[in-house]
Amino acid sequence: MPFDLEVPVAARNCHATGRPIDAGAAFYSEATLEAGVLVRRDVAAEAWTGPGPHVLAWWKCQALEAAAKPKLAPHEVLLNLFAELADQPAETEFRYVLGLLLIRRRLLRLEETRRDGAGVAWMRLECPSRKEQFELAVVEPTPERIAEVEARLVETLYAEA
């Protein structure tokens, strides 16, 4: 009966010596089952003496460069953008999604929701750090615009400061 095992990511430290495995360096990985859990051990090439007993699999690897974490735009930049978009009716969908993100990141806090005479839902948001309040129309992007709004949000969030 076939089954899938999820192999843990490389530890970037040599199991035999405890030293870091430098980017570009060769190393060996071996997988064993311990108490029903798949365990991966990485060993620098110079410390490798062959697979240990009870090893299910082993393979040779090359350590990659550590991926740089994407840098998020500063909170103040995002709050400034959110405030500026209030006067731009063409940006209501984008501003709504940005507002939800700012709520999730706890930069804004939902105070209340209401409906106006036309039936449009509104949220009153508070920014504790600025001691400001904002009104945000609940305008979800249409299915046709979701990808565009999402791409723009990613571009905005990960912009260089």
Side-chain angles (χ1 to χ4, degrees), residues 4-29 31 34-44 59 61-161:
D4 292 327
L5 292 175
E6 189 170 320
V7 178
V9 297
R12 302 192 70 85
N13 284 315
C14 176
H15 180 72
T17 65
R19 291 188 306 243
I21 299 172
D22 295 326
F27 67 98
Y28 289 85
S29 292
E34 294 180 6
V37 176
L38 186 68
V39 176
R40 175 180 180 160
R41 290 191 180 90
D42 300 312
V43 179
W59 57 97
C61 307
Q62 186 173 3
L64 302 174
E65 294 288 331
K69 275 190 157 182
K71 189 169 185 159
L72 289 172
H75 293 163
E76 280 302 308
V77 170
L78 296 175
L79 287 168
N80 287 342
L81 175 62
F82 179 77
E84 289 172 15
L85 292 175
D87 299 328
Q88 300 179 30
E91 300 290 347
T92 55
E93 295 169 328
F94 178 73
R95 185 172 188 259
Y96 173 67
V97 175
L98 179 60
L100 293 178
L101 176 83
L102 295 175
I103 291 169
R104 183 168 186 216
R105 298 189 80 205
R106 296 191 170 119
L107 298 175
L108 296 176
R109 184 174 49 222
L110 177 64
E111 290 296 309
E112 73 175 3
T113 58
R114 64 177 175 77
R115 289 201 179 271
D116 64 15
V120 176
W122 290 83
M123 297 190 293
R124 186 167 49 103
L125 306 174
E126 181 178 344
C127 179
S129 66
R130 293 181 171 194
K131 308 234 183 307
E132 285 183 75
Q133 290 190 345
F134 300 98
E135 291 287 317
L136 179 62
V138 177
V139 182
E140 294 183 21
T142 63
E144 299 80 29
R145 295 234 327 128
I146 288 176
E148 179 186 331
V149 170
E150 181 179 276
R152 185 162 168 222
L153 189 62
V154 168
E155 180 182 304
T156 302
L157 287 178
Y158 296 104
E160 291 299 320

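- The pair R124-E126 fails the salt-bridge criterion, with no side-chain N (NZ, NE, NH1 or NH2) lying under 4.0 Å from an Asp/Glu carboxylate O.
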Inset, instruction - Check the pair L98 / E91 against side-chain contact (heavy atoms from CB on, under 4.5 Å), numbers first and verdict last. - result: CA-CA 10 Å; L98 179 60; E91 300 290 347; over 6 Å; no

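- Closest heavy-atom contact between F82 and R95: O-NE, 2.9 Å.
- Distance check: F94 CZ to E148 CD gives 10.5 Å after rounding to the nearest 0.5 Å.
- Smallest separation of non-hydrogen atoms from L136 and G99: CD2-CA, 4.0 Å.
- Residues L100 and R104 fail the side-chain proximity criterion, which asks for heavy atoms closer than 4.5 Å.
- Heavy-atom minimum distance, A83 versus F134: CB-CE2, 3.8 Å.
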Inset, instruction - Show your reasoning for whether side-chain contact (heavy atoms from CB on, under 4.5 Å) applies to R114 and E135. - result: CA-CA 10 Å; R114 64 177 175 77; E135 291 287 317; 3.0 Å; yes

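- Checked for salt-bridge contact, D42 and R40 meet the test: a charged N lies under 4.0 Å from a carboxylate O.
- We find the CD-CG distance between E112 and L110 to be 8.5 Å, quoted to the nearest 0.5 Å.
- Under the 3.5 Å distance criterion, the side-chain polar atoms of R12 are matched with a main-chain donor or acceptor of L64.
- Scanning both residues, P128 and L107, for their nearest heavy atoms gives CD-O, 3.7 Å.
- Counting only distance, with no hydrogens or angles, the side chain of Q62 and the backbone of A26 share no donor-acceptor pair below 3.5 Å.
- For the residue pair E93 and E140, the shortest heavy atom distance occurs at OE2-O, 3.9 Å.
- With rounding to the nearest 0.5 angstrom, the CD atom of E155 is 13.0 Å from the CD atom of E150.
- In this structure, L78 CG and L102 CG are separated by 6.0 Å, a value rounded to the nearest 0.5 Å.
- Atom CZ in R105 sits 10.0 Å away from atom CG in L79 (nearest 0.5 Å).
- Here the side chains of L108 and R130 are not in contact, with every heavy-atom distance at 4.5 Å or above.
- Rounding to the nearest 0.5 Å gives a distance of 11.5 Å between CG of D22 and CZ of F27.
- Residues A44 and I21 share a closest heavy-atom pair of N-CD1, 4.3 Å.
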Legend entry - Working for side-chain contact (heavy atoms from CB on, under 4.5 Å), residues W122 and T113: CA-CA 6 Å; W122 290 83; T113 58; over 6 Å; no

